[in-house]
There are 2 protein chains.
Amino acid sequence: MMRPTTKDLAKAAGVSRATVDRVLNGREGVKQKTVDKVNAAIKELGFVRNIQAANLAKSKRYRFVFALPRSGDEFLQELVRHIKDAEEAFAVDQIWCDVARIDENDPHSIAAFLASLSSEDVSGVAIMAPESPQVRDAIFRLQERGVAAVPFISDQTTMDTDWVGIDNRAAGATAAALLGRFCKAEAGAIMVIAESMQSRDSLERRLGFDAELGKSFPTLTALPSLETYGDEERAEEIITNMVKNNPDIIGIYVMSSEARVPVRILSGLPETEKLVTIGHERTPFTERALHDGRLDCVIAQNAGHLVRSAVRKLKAITDQRSTHRQQEHIRVEILLSTNL
Amino acid sequence: MMRPTTKDLAKAAGVSRATVDRVLNGREGVKQKTVDKVNAAIKELGFVRNIQAANLAKSKRYRFVFALPRSGDEFLQELVRHIKDAEEAFAVDQIWCDVARIDENDPHSIAAFLASLSSEDVSGVAIMAPESPQVRDAIFRLQERGVAAVPFISDQTTMDTDWVGIDNRAAGATAAALLGRFCKAEAGAIMVIAESMQSRDSLERRLGFDAELGKSFPTLTALPSLETYGDEERAEEIITNMVKNNPDIIGIYVMSSEARVPVRILSGLPETEKLVTIGHERTPFTERALHDGRLDCVIAQNAGHLVRSAVRKLKAITDQRSTHRQQEHIRVEILLSTNL
DNA sequence: AAATTTTTGATGCACGTGCCTCAAAATGTG
DNA sequence: CACATTTTGAGGCACGTGCATCAAAAATTT
C-alpha cells in the first residue's frame, strides 16, 4: 500500500539519493555500472516516480494548445465547447487548455504558428490540419524542442502512434453496413456527398464504404462522390442534378463532418424525403435531424472523448510515460434517435 | 498561469495561513466573520486547492473496491480485466483498485461485507448488486463512515446521482429501433430472452423496447419475455418450445448481459438461422458472433469506460469535488462487425 | 477591572521529488 | 608516485498543503 520512494531506491541500490536522482533524470557523469544497479533496484522494488510530488517540486504546470481550423460549422463549435469543459475538469491536475485558430489551407502559416511555440510556455499541441510536408516538418522540429504533439482528428500519416481520432475506414464501412440494412428495397443506388475528396479522411471513409457495400450488399451501387467544397450554391446545384438524373437512388451518405447544408438541401427535395440518410458527427443540428427523421443515423466520434484523450496523451508524453492504447481508442459511435 | 496558494489567500483575506487552513478544512473555533472574509478571498482569487500537494502532505492513497457478483460469465471477466488495467493506468495518481466478490442473491451477506469496510483502508466502493433494503442501508452507513460509494451497472434507485451505468430504457429502445429497421419482413413476432425479469435493469430494457417497437414499428409484436434463470437446460427447453410454437418469429432480442448460452442454443435451431438477432455487451463471444453473423448487432456499455468512470467518481467524492456529469455519462453503444 | 474563554498568529516539520553546492572518494593519467 | 579527472555522497532548500504547538491578542464573562 506504500509506494517505495527515491530514498528506498537509494538504500536498495546501495547508492545515495543524489545518484538515484542523477539516474532517474538522465544526468551526465554516472558510471554505467551504477546506472545498472539503480535500474535493477527500480525493477526489484517496482518503483514508480510520484509525478505529483515531482511536479510540485518543479512547480510544473501543463499548457496544451488545440490548433483548430478557422473555418467550420457546428462540429468545430462542439470541439471548442468541450475544450472549455476539459479546461475546468483538468484544472485539478494543473492543466490549462487553449484554442488557437489556424488556416487549414495554408501550410506555411500553420508551420509558422508551430514554430512560434516554445516549450517554455506550451507543453503540448493537438493539431487538426491536413497533412503536408511543411506541417510535418514543423511538428518534427516542435518535438525536438521538447513540445509534445499529437495529430487531432485530421491524421498525419507519419505519426500514427499518437493519433487521436477514429478509424475513418471503419466509419465508412459502418455507414455502408447500416445503409444496406436500413434500405428495404432489393437494389438501387446510393448518393455520396462530401466536402472534398482531397483529404485522407474522406478518401478513407469512401474506401471503407465501398468495400463494405461491395462485400455485404452487392445489389446496391454507390454513385461517384459529390464534392461541395463548402459552397452552398454549388452544393444545391450538384445535389439537385444528381437526384434528377438518378431516379433509382434509395439511400444517401453525407460523408462530410458538417452535415447541415447538404441535409437542408435534401429535405427541400420531395424525391429524397423517404430515403435512408446517414450523416456524420453529433451536433445540435444532427440531433434535431435524427429526431425529426431527416437523418436516420449518425456516425460519430465523441467530441468530449477526443478532447480528453488528446489531453491525456499530451500529458503522458510530457511526463515521459507510455499511454494505454486501449483506453485512448476512439470509438466509431452509432447514433439513433433512441440513444442520444 | 500561476494558481494562487494558501499564502496568497491569507494575504488577500488579511489573516494568517493558520486561519486559512482552519477555514479550508472546516475546523472549529473560527468566527463567522473571519470565515466569510476567507471565503470572499477564495472567490475573488479563484483559489483552487492543490490536491496533489495536499495528498502529498497527508500521504494520502486511494483504495477503491469493486464489489462484483460471484457468478457470471464473460462480461464479468471483461470487467475484472478492465479493473486490472485501470489499476495500472491510475497508479500514477496513487490509486489502488481491488475486486471483491459478493453473493448477489444474498443481501444479508452483501450488507455484512459493506459493514466490514472502514475508511481507514478503503476510500470507496463500486457496488454491483440488485437493490434491496439491507444493501441500501449498508450503503448509507458506509457513506456516514466516510467511505464513498457508487452503484455500478446495477442501479440503486435511491442514489441516482452517482450512478455508473447506461440508461437501460434507452438501451432497450435502441435494440427495438435496430431490430425494426433490420427486419425486411412487413410484419411478424420478436422473441425476447432474458435471464430474469426480477431486476430493474431487465424491466427497464423491456419497457424501452416495447415503447419503441410500438411507436415506430406497429406491425411487429414482441412476445412475452423468456426467463432462463441462468439455467442452460431450462433455456434450451423454453427457447426451443417458443420457436416451435411461433413460426412467425422474425427477430430475436437477447436481453441478458451474458448472451452466450441463448445464442448458442439459437444457432442450433435451423428455424432461427436467418433471423435478425440482437444481444448485449461486448465479450469475446459476442465479437465472434458478430463476425460470423450469429449476432447482427450488439448493444453495449463500454466496460473500460464503466470502470474508469467509477474510479473518477469515487475519487471526486473522496476529494469532495463535484464530478462533471457530462464526462461521466456512459453511452449506449451500438456494435456491428464493422465498428469493433 | 480582573479572570476566563475564544479566536488568531507565528513557526516548524512532514510528504516525495528536483535541483543545487561542496566535499570526498574513486578512477585514470603521466 | 603525484596529479588531474570523473564519479559519488551529504546536505539543504523549494514546491503547496496538512497538522501540530505555543503564545499573543481579542472577546466574553464574572
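Since we're looking at a predicted model, the values are computed, not measured. Any value given below was found using the heavy atoms of this structure, including those in side chains, with hydrogens, waters and symmetry copies removed. We name chains A, B, ... by the order of the sequence lines, and we start the count at 1 in each one.
Side-chain nitrogen and oxygen atoms of Thr19(A) include none within less than 4.0 Å of the OP1 or OP2 phosphate oxygen of dT8(D).
In the model, Asp93(B) has no side-chain atom that pairs as donor or acceptor with a side-chain atom of Gln52(B) under 3.5 Å.
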Walk me through it: do Arg17(A) and Asp21(A) pass the test salt bridge (Lys or Arg N to Asp or Glu O under 4.0 Å)?
CA-CA 6 Å; Arg17(A) 217 176 67 74; Asp21(A) 172 71; over 6 Å; no

I would like to know whether Asp103(B) and Ile110(B) meet side-chain contact (heavy atoms from CB on, under 4.5 Å); could you show each step before the answer?
CA-CA 7 Å; Asp103(B) 191 340; Ile110(B) 299 176; 5.6 Å; no

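Rounded to whole Å, the distance from CD on Gln320(A) to C1' on dT17(C) is 15 Å. What separates CZ of Arg22(A) from C1' of dT6(D) is a distance of 11 Å, to the nearest Å.
Checking side-chain atoms of Arg61(B) against main-chain N and O of Gln94(B) turns up no donor-acceptor pair under 3.5 Å.
Remark: aromatic rings of His305(A) and His305(B) are close, center separation under 6.0 Å.
Heavy atoms from other residues, nucleotides or ligands lying under 6.0 Å from CD of Gln320(B) number 12 at most.
With sequence neighbours excluded, no residue forms a side chain to side chain donor-acceptor pair (under 3.5 Å) with Lys37(B).
In summary, Glu333(B) and Arg331(A) engage in a salt bridge, as defined by a charged side-chain N under 4.0 Å from a carboxylate O.
Non-hydrogen atoms lying under 4.0 Å from DNA chain C are contributed by Lys31(A), all within residues 29-43 of chain A.
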I'd like a table of atom pairs between the protein and nucleotides 13-18 of chain D - only N or O on both sides, under 3.5 Å - with the distance next to each one.
residue: dC15(D); atom: O2; partner: Leu56(A); partner atom: O; Å: 3.4
residue: dC15(D); atom: O2; partner: Ala57(A); partner atom: N; Å: 3.0
residue: dG16(D); atom: N2; partner: Ala53(B); partner atom: O; Å: 3.2
residue: dT17(D); atom: OP1; partner: Asn50(B); partner atom: N; Å: 3.3
residue: dT17(D); atom: OP2; partner: Thr6(B); partner atom: N; Å: 2.6
residue: dT17(D); atom: OP2; partner: Thr6(B); partner atom: OG1; Å: 3.2
residue: dG18(D); atom: OP1; partner: Asn25(B); partner atom: OD1; Å: 3.4
residue: dG18(D); atom: OP1; partner: Arg49(B); partner atom: NE; Å: 2.8
residue: dG18(D); atom: OP1; partner: Arg49(B); partner atom: NH2; Å: 3.4
residue: dG18(D); atom: OP2; partner: Asn25(B); partner atom: ND2; Å: 3.4
residue: dG18(D); atom: O6; partner: Arg17(B); partner atom: NH2; Å: 3.3

